[in-house]
Each structure stands twice: as C-alpha cells, then as structure tokens.
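Remarks on the structure that follows.
Scope of the values below: all heavy atoms of this structure, side chains included, with no hydrogens, waters or symmetry mates. Below, chains carry the letters A, B, ... as their sequence lines are ordered, and counting in each starts from 1.
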Number of protein chains: 2
Amino acid sequence: MNIEPTDTFLLDEFLPYQLCVAANQVSRSFAERFRRDFGISIAEWRVLAHLSRAVAVSVREIHACVDMDKSKISRAAARLEQAGYVTKRENPGDRRLVELELTATGRALVAELLPVALQFQRDLLRRLGAKGPAVREAMRSMIREAPGAG
Amino acid sequence: MNIEPTDTFLLDEFLPYQLCVAANQVSRSFAERFRRDFGISIAEWRVLAHLSRAVAVSVREIHACVDMDKSKISRAAARLEQAGYVTKRENPGDRRLVELELTATGRALVAELLPVALQFQRDLLRRLGAKGPAVREAMRSMIREAPGAG
DNA sequence: ACGCACTCGTTGCAGCCGCAACAAGGTTGC
DNA sequence: GCAACCTTGTTGCGGCTGCAACGAGTGCGT
C-alpha cells in the first residue's frame, strides 16, 4: 500500500541481485571443492547424484528431473563415461534411449561424494540459523512457478 | 546429534541445488524481460543501476561494489556506450581511470528501468509472503562470508 | 507395409564468462 | 630523474552453455 521512497536505487538491496550473488558464491565454492577433491564438475555431480537413486536411467529422465539442458547432461555423461564412472548402453526395448548406470568405481565415488555434499549443506544451514527451513521453502516456491510468467 | 537416514539422496532437497535453480529461473525471466523490453543484458542493467546513483564512476568502483569481473564490466560499458546510454571519458586527474556517465538517453532509460525492476521485486516478494525479509537476510548472510572458506 | 509425426540423444555454432596477459599510466624510494 | 613496482582497463583465449538442427528410432493411422 505504501509508496517506497525510491529516489536512490541500491543494487545491494535488490533481491534478484542478492539471490544471484548468493547462488554464484555458494555454487563457486561447492564447484571448487568438488573439482579439487574429486575432479568432477557440478553438472557431473548432478548426474551422479541422480544415478545414485536408480539402477538404469536415460538422459531424458534426468532432463525431466534435474533442470539441465539435454546437451549439458549428454556431455556430462560422456565425460563420466570416459572417466569410468558410468556406462552407457542402449536400451534394448527402445533403442533411442540410453541407459546410464554407475560402475563399481562410480558407486564408490558417489559414496564419497554424498557425505561431503551433506556436510556442505549442513555448514550452509548452520550459517542460516533459524531461517534455514524458511529459505528452503522460499526456494521451492520460487522454483515452482516462473516469476515473469504472469 | 541424530544421524539422518541418507540412504537415498534427493537432489531436489539439496539446498545448494535449490538455490542455484531458483536463482537461474529468476535471473532468466528477469533477463528475458529486460532484453525484450529494453534490449539490455543483466550485466548492462547492473552497470546502469550503479550509475544511477553517482555522477561519474570508474570501472574499478563498479568492480568493487557489484560482484562482476572487470572484463564483464568493461564489455558491458562498451556496449552501453555504443548504444548511446553512457559516455566514457578519461579522468584528467588519473588517466588510467575511465569516468562512466549516463547520457540524457541513459537517464531516461534508467527512469524506465527502475520501476520495472522494483515491480519485479515486489512480485517476487509477494510470492515469498512472510518469508521475504528472512530470505533477504539469508542471502546477505550467505554473501558475506564464503561457505567453503572455513 | 508405408508414410508421417513425434521422441531421444548428439553435435555444430554462436555467444558469454573468467582468467591471465598486456599496455598505459601512476607512485614510491633512492 | 629514474627504475622498479603497483593500478586500471582492455583484449585474447580456452571452456562452458543454450539453442537449434540433425540422424536414428518409434508409434500410429490407414
């Protein structure tokens, strides 16, 4: 109802900017950690994280779940295959599909990754304090519907 | 104290991922809007937003305030100059510095941009509801100190 | 069986980004 | 005054990304 005095605009107080900077910083330190300790990128981490839940998954399913471009997933999967962490096999029932599956090495890597990722999240939540759950809920509500779609 | 049952890892519940997706979606719709209506990118918008507060500003000062790489600012400024929104003049006192300044057209553009940006933020805050202030505070606390620095 | 529309994964391409090197300018110590 | 060092902004470069086009494969209607 009130009209804010916006004669001076402060970018630091602009929520989309704050959100972008926060996400970039978190993403950067997370990526640096995973790159240094495990030699994988965020895209590869996401693919591995999704594969940890299922036996054989197609690129399409990951694309439907993980908010990454098809091509990004495809290239990440190619790198993971070359590194020996996943295998790619064509689905005999539908030969368009590619079944991605973790190798034994891949499962061992995931077993190392998950605790590190969870610890990272815990550190993040600790710094958020009591606001943690509200932030998570807020992220979800922002993700659901696109802001500019209306 | 409690050990969480982490036998299944859900990427959707992973806060760094949620943060990244939310920021990307917000950023994307914001960028699309500004690109379509005004023909400028987010980098250019940030430079304009900073220039709206000062008369003549160097690349260095923007770099110190706005969390963008020097080169990104430089290129954004070059595009803005070519579009006629800012002027670049070398500082007579220190000829390394470049004084960026809004033209009349640039000021008019900013006067159009700011209400749109503020309305965008209002829409975002409305969808966050009561959690809005907590989210803003949370973003700030994430920005201050790097998460992986400890 | 065949044509047509659709789906899936890969690849080419253009654009953006961060990093580092660089040139030009300034500052300090002697 | 000058040499070594720092600062500022630009540019080249390698890598990544999103988009669109593409080839291969599938399902459907007839």
Table please: side-chain donor-acceptor pairs of residues 11-21 of chain A below 3.5 Å, with sequence neighbours left out.
residue	atom	partner	partner atom	Å
A:Glu13	OE1	B:Arg140	NH1	3.2
A:Glu13	OE2	B:Arg140	NH1	3.4
A:Tyr17	OH	B:Val66	O	2.9
A:Gln18	NE2	A:Asp12	O	2.8

Sequence neighbours excluded and cut-off under 3.5 Å, please list the side-chain donor-acceptor pairs for residues 71-84 of chain A, or say none.
residue	atom	partner	partner atom	Å
A:Ser71	OG	A:Asp69	OD2	2.6
A:Arg79	NE	A:Glu44	OE2	2.4
A:Arg79	NH2	A:Glu44	OE2	3.4

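Identified under the salt bridge (charged side-chain N to carboxylate O under 4.0 Å, His left out) test for residues 90-100 of chain A, with sequence neighbours left out: A:Arg89-A:Glu99, A:Glu90-A:Arg95, A:Asp94-A:Arg96.
With sequence neighbours left out, A:His63 forms a side chain to side chain donor-acceptor pair (under 3.5 Å) with no residue at all. Checked against side chain to side chain donor-acceptor pair (under 3.5 Å), A:Glu32 has no partners two or more places apart in sequence or in another chain. Remark: B:Asp37 engages B:Arg33 in a side chain to side chain donor-acceptor pair (under 3.5 Å) (not counting sequence neighbours). Listed by chain and number, the residues in a side chain to side chain donor-acceptor pair (under 3.5 Å) with A:Arg53 amount to none (sequence neighbours excluded).
Read 5' to 3', the first and last nucleotides of DNA chain D with an atom closer than 4.0 Å to a heavy atom of chain A are D:dT17 to D:dT26.
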Protein-to-nucleotide contact annotation, 5' to 3' order, nucleotides 6-21 of chain C [B base; S sugar-phosphate only; - none; under 4.0 Å, heavy atom]: -BSBBBB----SBB--
